[in-house]
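Naming: A, B, ... by sequence-line order, numbering from 1 per chain.
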2 protein chains.
Amino acid sequence: MNNIKKDNTEEKILDAAQTVFIRKGMDGARMQEIANEAGINKALLHYYFRSKQKLFEAIFKQVFKQIFPDIKAFIHAEIPIEKKLGIFVEKYIDLLMKNPYLPSFILQEIHRDPEFLASVIKGQGIDLHELFTMLGKEMEAGNIRKMDPRELMINILGLSIFPFAAKPLMQLIFFDNDKKAYKEFLKQRKETVKDFILNSILLKA
Amino acid sequence: MNNIKKDNTEEKILDAAQTVFIRKGMDGARMQEIANEAGINKALLHYYFRSKQKLFEAIFKQVFKQIFPDIKAFIHAEIPIEKKLGIFVEKYIDLLMKNPYLPSFILQEIHRDPEFLASVIKGQGIDLHELFTMLGKEMEAGNIRKMDPRELMINILGLSIFPFAAKPLMQLIFFDNDKKAYKEFLKQRKETVKDFILNSILLKA
DNA sequence: GTCTATAGATTGATAGAC
DNA sequence: GTCTATCAATCTATAGAC
């Protein structure tokens, strides 16, 4: 009963709005284009969602949840730290390969309306305390190099996200605009990013 | 004679346009706002630059040059590779600290109009061949771990750029929205990013 | 609930005086 | 070169019929 794709109007609008907003951003998106994408009329958008702003906020919240993968599940898993980090990187890059336009959309909107971003984050109750203490323990135990855990997290995110956020530019200057080659490169990064990080932080016995 | 700030109208327009376009992007920027910022009238914008599009293109080209620092100067310098990479990272992060909104602006626009991006890059004649062969030689000589030089470059760029591109989000979730603390964090990254990279790629003798 | 038609507001661009 | 006034196009939002 769960996998049956709803094809009621509200669902169609949400799907269409997500597509258009991610591609064009809040400023660039047009209600007409969203209506076309949904195969309905412009007025219906305002019937279901009061305004462009409200529709956008619904989409942003929905999309934003996706960039916080389910990390709690494996923070306390009984596996070595290098496995944990490896799984995180793989899951994250997998997510980005399925939604390659997500990073640039988020990066754009967090600058456009930081106050709204703050309200969304508050509403999500994101808690990174557990993550940091877990990393701290691994450093104390001498398993990984001692460093600011926030630095480590931002490095992991940067290495994973940047090639997607900057795709058109990187593809152009480093891969001669060869789409296939760049896609292959991104796929391989599930391994190379993992190696790059572990080579840097793992303390060789 | 060189440091005298031109205060003719064209210069004022270019300065104002850069400020507004970087803050709002092409779609979000308004000609009225640029005119206000420049302290002149809207009609004058169209007198100097024919259209919003032409004005934007002038700004983009101008801004884009800044993200390609003068690397040729030190590619062939007679210093060890770890020094070279260190200098590159430091220079790049310095540049970003002076222009913190540059990354998000570029990332936004390369997605919005990739064809224009391609024309700009062609016009700049960017050549990375020398850089790659230099890195290749260092790998052959056993000074750094063997890897795809494009991968190494993208990792360096990602580690340097991402914390600026994602500033509002990172500052919020990792630093409790403490502006000062995040700025200090970014400053320290001139060292920590360098360490993170060298720890990963340097082959210990 | 869904549509057509249109109002109301914003904005890029131009005309014309000085 | 610079300004005021205004046009023309675009876009969000609403009114009203079905």
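Regarding B:Lys42, its NZ atom lies at a distance of 15 Å from the P atom of C:dA15, rounded to whole Å. Note: CD (B:Glu10) to C1' (D:dT2) measures 15 Å, nearest angstrom. The interatomic distance linking A:Gln32 (CD) with C:dT6 (P) rounds to 16 Å, in whole Å. A straight line from CG of B:Asn41 to P of C:dA13 spans 15 Å, rounded to a whole angstrom. Regarding B:Asp27, its CG atom lies at a distance of 13 Å from the C1' atom of D:dC11, rounded to whole Å. Counting to the nearest Å, the C1' atom of D:dT12 and the CZ atom of A:Phe21 are 12 Å from each other.
When the side-chain nitrogen and oxygen atoms of A:Thr9 are compared with OP1 and OP2 of C:dG1, none of them lie within a distance under 4.0 Å. Between B:Arg30 and C:dT10 there is no side-chain polar atom (N or O) within less than 4.0 angstrom of OP1 or OP2.
Taking a 4.0 Å limit (strictly below) on heavy-atom distances, residues 45-55 of chain B reaches DNA chain D at B:Tyr47, B:Tyr48.
With hydrogens and angles disregarded, a donor-acceptor distance shorter than 3.5 Å links the side chain of A:Thr19 to the backbone of A:Asp15. Using a distance-only test at 3.5 Å, with no hydrogens or angles considered, no donor-acceptor pair links the side chain of B:Lys179 to the main chain of B:Gln171.
Of all non-hydrogen atoms in A:Leu95 and A:Gln66, the two that sit nearest each other are CD2-O, 3.0 Å.
Here OH of B:Tyr101 is found 8.5 Å from CZ of B:Arg23. Values are rounded to the nearest 0.5 Å.
With A:Glu90 as reference, A:Lys194 is the one residue of A:Lys190, A:Arg189, A:Lys194 to meet the side chain to side chain donor-acceptor pair (under 3.5 Å) rule.
Here the side chain of A:Leu44 is nearest to one of D:dT2, D:dA13, C:dT2, namely C:dT2. Listed nucleotides: D:dA13, C:dG12, D:dC3. Nearest to the side chain of B:Met31: C:dG12.
The cationic group of B:Arg150 lies under 6.0 Å from the six-membered ring centre of A:Phe175 and within 45° of the ring axis, placing it in a cation-pi geometry. Geometric assessment of B:Arg112 against the ring of B:Phe56 yields a positive cation-pi assignment under the 6.0 Å and 45° thresholds.
Using a 4.0 Å heavy-atom cutoff across all strands shown, A:Ala29 reaches sugar-phosphate atoms only and no base atom.
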